[in-house]
Amino acid sequence: MSNMNLSEQEQIRRESLDELRKLGINPYPAAEYKTNAFAQDILDNYAPEKNNFQDVCLAGRIMSRRIMGNASFAELMDSSGRIQIYARRDDVCPGEDKTMYNTVFKRLLDIGDILGVKGHVFKTQMGETTVHVDEFTVLSKSVRPLPVVKEKDGILYDAVTDPEMRYRQRYVDLIVNPHVRDVFRKRTQIIQSMRELFNSRGYLEVETPILQPIPGGAAARPFITHHNTLDMPLYLRVANELYLKRLIVGGFEGVYEFAKDFRNEGMDRNHNPEFTVLEIYIAYKDYNWMMSFTEEIVKKTALDLHGKTEITYGDKVINLNPPFKRISMTDAIKENTGVDISDLDEDDLRKVCDRLSVPHAPEMGKGKLIDQLFGEKCEHNYIQPTFIIDYPTETSPLTKMHRSKPGVTERFELMINGREIANAYSELNDPIDQMERFQDQLRLSEKGDDEAMFIDLDFVRALEYGMPPTSGMGIGIDRLTMILTNQPSIQDVLLFPQMKPESQKAKVESKKEDYLEIGVPEEWIEPLKNLGFTTVTKLKEVEKHTKLHQDICGYNKKNKLGLKNPTQNDVKAWLNLN
RNA sequence: CGGCCCGUAGCUCAGCUGGCAGAGCACGUGACUCUUAAUCAUGGGGUCGAGGGUUCGAUUCCCUCCGGGCCGACCA
């Protein structure tokens with residue numbers, strides 16, 4: 001047994017496990033456990049005068065225990081919430097045999113175990129709604145102690161806050177931090193709200209490739225992988241835009257996808273290597289229509305979630321009630337810096353950047369410089385929802401030229417809390433223009449812009465067959481969820497945020513045979529490993545066999561192993577010091 | 001990639017100027033039939049993230065590494 005590596009509490013729980021088995025109780029039963037109640041439903045709806053919930057069966061995890069002599073309390077947590085249970089010896093054990101109460105309930109159960117209970121609901125003298133247990137079933141034994149979080153008057157004591165624990169072991173976070181489950185329920189609800197809206201309009205939810213031969217649709221560094229059979233590189237998608245537009249070419253009027261995208265870039269509180277984007281494309285619409293639709297989407301999700309459009313994010317109050325402010329990028333820069341860039345050329349823009357100490361690089365073109373000015377000086381100021389419209393052509397290669405303003409495209413981004421939440425265009429559907437824009441991107445790429453877009457010739461071919469005028473939009477679901485659930489970091493709205501792997505201590509251990517070969521009796525192998533001599537080599541590095549002998553005898557005594565101590569000469573022989 | 005901070009019992013955290021490793025909860029044993037951060041008594045539990053250095057002596061000081069957080073850079 002290598003129980004020596006387990007903590008005391010883990011060992012005790014494993015012993016309880018064995019004891020349960022000896023009592024004929026399977027700690028991991030296979031059978032379905034039919035419940036007929038949830039904790040929250042009981043708490044909300046139990047009324048003594050109605051005499052309801054008198055034959056309930058529920059299942060959940062033991063979260064706390066208050067063990068007394070012949071009666072005990074515990075708290076059971078199911079998916080809906082927590083409820084107190086009350087077990088009395090003579091109710092649980094009506095006959096002579098009191099084992100189920102005295103031994104199983106009081107001694108062998110632990111915080112963290114999954115338990116099923118049958119009984120009736122009552123109110124205690126203290127007024128707490130409680131399930132009086134007539135019968136209980138061990139449904140799953142927990143052999144690893146859970147962090148114990150106590151709570152009184154809504155204040156948590158010893159709450160688990162260590163981010164590493166919370167993100168790496170999200171299952172623990174979800175168990176002991178109930179509000180975390182709420183966040184993820186809300187995340188799903190946000191997506192459901194949108195899906196309802198889209199489906200009610202007859203738009204089609206689709207799935208498009210995640211493994212793409214050309215990572216198109218956005219300017220970003222992709223993850224690359226390799227397909228063995230085809231012997232070719234494949235990329236994890238950075239966007240699904242080009243595929244959805246192919247479907248509009250194919251004749252669907254509205255298509256959407258909740259897509260995981262992947263970008264091989266930095267990680268911080270707003271960026272995770274994989275993230276979720278809703279992209280939606282609708283034929284015969286333009287970006288003006290899409291702005292109104294975006295307002296409707298945001299308003300609906302907020303209302304469905306909170307019943308109001310005014311939300312709190314950190315120390316800010318944000319009102320998501322439409323209409324949202326609309327301002328062109330040029331006007332936004334004027335509003336925030338006082339500089340009118342509408343007639344400036346590339347050199348002038350550089351001077352403006354220098355004057356405002358906005359960093360820029362030689363390979364940046366006019367569009368990039370404008371983008372840079374906006375990003376540095378304007379973006380963070382738009383706390384209330386604001387549409388920034390009419391982006392430079394250079395950085396918008398998939399967007400239709402503006403119908404009346406030269407040099408800009410029909411594109412908008414929605415800013416909330418100073419961050420981009422949505423991005424949309426009147427989609428470029430002129431195949432010849434599209435091909436030229438792709439070639440411009442190629443030139444930028446040759447100039448050193450490593451995030452210029454790849455050319456997708458098949459996409460151009462699709463446009464050549466004719467795509468109806470279309471507007472498309474993408475919403476960053478993670479960021480929207482952050483705002484709607486008041487979470488400061490993207491890691492708080494991702495169930496399993498990306499983390500560096502834990503250092504799995506590469507445990508190189510010598511085999512049993514290796515120890516036997518140098519003369520160590522089998523019974524001493526485990527103790528030696530626990531003393532740190534996990535390999536024969538390490539053992540042989542010992543210089544004083546007398547010291548090792550002392551350690552071994554001491555270990556034997558301390559752990560009450562009752563083994564026969566080796567002689568000094570035995571130990572000397574293992575080390576080959578003769 | 002740079003700056004700052006953190007890593008000690010299952011969990012939350014103390015540990016001062018280098019001198020036997022601490023508390024609360026949890027856990028074990030005993031008492032207790034409506035408790036609720038249950039209570040009372042009592043006991044056990046540690047590779048102080050890893051490795052190296054200085055020192056008679058390192059959880060503490062120095063260096064390297066690993067992991068995490070915040071801020072910045074990059075990145076829509």
Side-chain angles (χ1 to χ4, degrees), chain A residues 5-13 15-16 63-75 82-91 101 106-107 110-112 122-130 132 142-169 172 176 218-221 238-239 261 263-273 275 277 359 361 368 371-372 374-375 379 388 391 395-396 413 415 419-423 450-451 474 476 479 488-489 491 497 499-506 530-532 534:
Chain A
N5 301 327
L6 298 175
S7 73
E8 187 189 32
Q9 294 195 39
E10 286 172 308
Q11 288 183 45
I12 287 164
R13 286 186 180 217
E15 282 159 19
S16 298
M63 295 304 288
S64 72
R65 304 198 310 146
R66 291 179 283 279
I67 302 298
M68 294 177 291
N70 289 331
S72 299
F73 291 88
E75 268 183 303
R82 290 183 182 209
I83 193 164
Q84 180 170 260
I85 64 172
Y86 173 64
R88 198 161 62 172
R89 186 187 64 191
D90 295 337
D91 293 329
Y101 179 76
K106 284 175 71 172
R107 216 160 56 71
D110 289 291
I111 289 174
F122 75 109
K123 269 196 201 294
T124 64
Q125 286 173 5
M126 304 299 289
E128 175 138 355
T129 303
T130 301
H132 187 132
S142 160
V143 295
R144 184 183 285 268
L146 212 52
V148 177
V149 180
K150 299 213 171 188
E151 186 238 315
K152 184 183 186 174
D153 301 331
I155 300 165
L156 292 179
Y157 295 82
D158 301 334
V160 175
T161 53
D162 174 21
E164 187 158 3
M165 171 104 151
R166 290 192 48 222
Y167 301 146
R168 273 194 210 288
Q169 302 186 50
V172 173
V176 302
R221 257 182 299 167
V238 296
D261 288 349
R263 296 188 183 177
N264 203 343
E265 286 163 358
M267 292 166 61
D268 58 36
R269 64 158 65 186
N270 294 306
H271 297 87
N272 193 67
F275 58 102
V277 175
K368 267 260 158 173
D371 218 37
Q372 188 76 1
F374 178 80
E379 186 169 351
I388 307 297
Y391 279 62
T395 50
S396 311
E413 289 192 358
M415 301 291 160
R419 278 202 297 267
E420 175 199 342
I421 295 299
N423 180 18
D450 62 352
E451 41 170 76
R479 290 183 183 181
S489 166
Q491 296 176 111
M499 301 281 275
K500 275 202 189 183
E502 285 175 275
S503 58
Q504 309 257 351
K505 279 177 210 159
N530 287 323
L531 280 167
T534 48

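A, B, ... follow the sequence lines: proteins, then strands. Residue 1 opens every chain.
Residue A:I155 is classed as having no contact, given no heavy-atom separation below 4.0 Å to the nucleic acid. Nucleic acid contact for A:Q491: sugar-phosphate only, since backbone atoms but no base atoms lie under 4.0 Å from a heavy atom of the residue. A:R419 comes within 4.0 angstrom of nothing in the nucleic acid, heavy atoms only. Nucleic acid contact for A:E75: none, since no nucleic acid atom lies under 4.0 Å from a heavy atom of the residue. A:D371 comes within 4.0 angstrom of a base, heavy atoms only. Residue contacts for A:E379: at a heavy-atom cut-off of 4.0 Å it reaches no nucleic acid atom on any strand shown. Within the 4.0 angstrom heavy-atom criterion, no nucleotide atom of any strand lies near A:M267.
At the phosphate of B:G24, neither OP1 nor OP2 sits under 4.0 Å from any side-chain N or O atom of A:K150. The phosphate of B:A37 (OP1 or OP2) has a side-chain N or O of A:K152 nearer than 4.0 angstrom. Remark: A:R65 is not in phosphate contact with B:A26, judged by side-chain N or O atoms under 4.0 Å from OP1 or OP2. OP1 or OP2 of B:G67 lies within a sub-4.0 Å distance of a side-chain N or O belonging to A:K500. For the pair A:R168 and B:G67, the criterion of a side-chain N or O lying under 4.0 Å from OP1 or OP2 is not met.
Taking atom C1' in both B:C62 and B:A21, the straight-line distance is 23 Å, to the nearest Å. Rounded to whole Å, the separation between the C1' atoms of B:G19 and B:U35 comes to 47 Å. If you take atom P in B:G52 and the same atom in B:A14, they sit 28 Å apart, rounded to whole Å. Of the P atoms belonging to B:G15 and B:G28, the separation is 30 Å, rounded to the nearest Å. If you take atom C1' in B:U8 and the same atom in B:G22, they sit 10 Å apart, rounded to whole Å. Remark: the separation of the P atoms in B:C70 and B:C56 is 43 Å, to the nearest Å. When the C1' atom is compared between B:C61 and B:C16, the two are found 15 Å apart, to the nearest whole Å. Nucleotides B:A58 and B:G51, compared at atom P, are 14 Å apart to the nearest Å.
Distances were taken from every side-chain heavy atom of A:I67 (C-beta onward) to each of B:U33, B:C32, B:U36; the shortest belongs to B:C32. In the set B:A37, B:U12, B:U35, the nucleotide with an atom closest to the side chain of A:R66 is B:U35. Closest contact between the side chain of A:F122 and the listed nucleotides B:C34, B:A26, B:C13 involves B:C34. Nearest nucleotide to the A:D268 side chain, out of B:G69, B:C74, B:U12: B:C74. Closest to the side chain of A:R107, from the set B:C11, B:U29, B:C32, is B:U29. Closest to the A:P163 side chain, of the nucleotides B:C32, B:G10, B:G69, is B:G69. Closest to the A:D158 side chain, of the nucleotides B:C25, B:U35, B:C70, is B:C25. Counting only heavy atoms from C-beta on, A:S7 has its side chain closest to B:G10 among B:C32, B:G10, B:G68. Side-chain proximity of A:Q125 to the nucleotides B:U35, B:G28, B:C34 is greatest for B:C34. For A:E128, the side-chain atoms get nearest to B:U36 when compared with the rest of B:U36, B:G28, B:U12.
Donor-acceptor pairing under 3.5 Å is recorded for the side chains of A:R13 and A:S142.
Ranked by how close their nearest RNA chain B nucleotide is to the 5' end, A:R88 and A:Q372 are led by A:R88. Taking for each of A:P145 and A:G69 the nucleotide of RNA chain B with the nearest heavy atom, the 5'-most of the two is the partner of A:P145.
Summarising the geometry, the separation between OH on A:Y157 and C1' on B:A38 is reported as 15 Å, rounded to the nearest angstrom. Atoms CD (A:Q9) and C1' (B:A9) sit 9 Å apart, rounded to a whole Å. Whole-Å rounding puts the A:E151 CD to B:C11 P distance at 21 Å. Between the CD1 atom of A:I12 and the C1' atom of B:G43 there is a distance of 11 Å, rounded to whole Å. The CD-P distance, from A:E10 to B:G28, rounds to 14 Å in whole Å. Remark: P of B:C27 and CD of A:E8 are 12 Å apart, rounded to the nearest angstrom. Counting to the nearest Å, the P atom of B:A26 and the CD1 atom of A:I111 are 7 Å from each other. The distance from atom CD of A:E265 to atom C1' of B:A73 is 14 Å, rounded to the nearest whole Å.
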Working for side chain to side chain contact (heavy atoms under 4.5 Å, CB included), residues A:R65 and A:S72: CA-CA 8 Å; A:R65 304 198 310 146; A:S72 299; over 6 Å; no

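Across every non-hydrogen atom of A:E10 and A:P145, the tightest pair is CG-CD, 3.8 Å. Of all heavy-atom pairs spanning A:Q372 and A:P359, the tightest one is NE2-O, 3.0 Å. In plain terms, the two heavy atoms of A:I83 and A:T129 that are nearest each other are CG1-O, 3.9 Å. Residues A:V160 and A:R166 come closest through the heavy atom pair O-CD, 3.7 Å.
One distance of note links OG1 of A:T395 with CZ of A:F374; it measures 11.5 Å at 0.5 Å rounding. Note that CD of A:E420 and CE of A:M415 are 6.0 Å apart. Values are rounded to the nearest 0.5 Å. Separating the CZ atom in A:R88 from the CZ atom in A:F73 is a distance of 10.5 Å, to the nearest 0.5 Å. In this structure, A:E413 CD and A:E379 CD are separated by 7.0 Å, a value rounded to the nearest 0.5 Å.
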Bracket notation of RNA chain B in which parentheses pair within the strand, [ ] cross earlier pairs, and | pairs with another strand (Watson-Crick or G-U, under 3.5 Å): (((((((..((((.....[..)))).(((((.......))))).....(((((..]....))))))))))))....

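Relative ring orientation between A:H132 and A:Y86 is described as perpendicular, the plane-to-plane angle rising above 60° on a 0-90° scale split at 30° and 60°.
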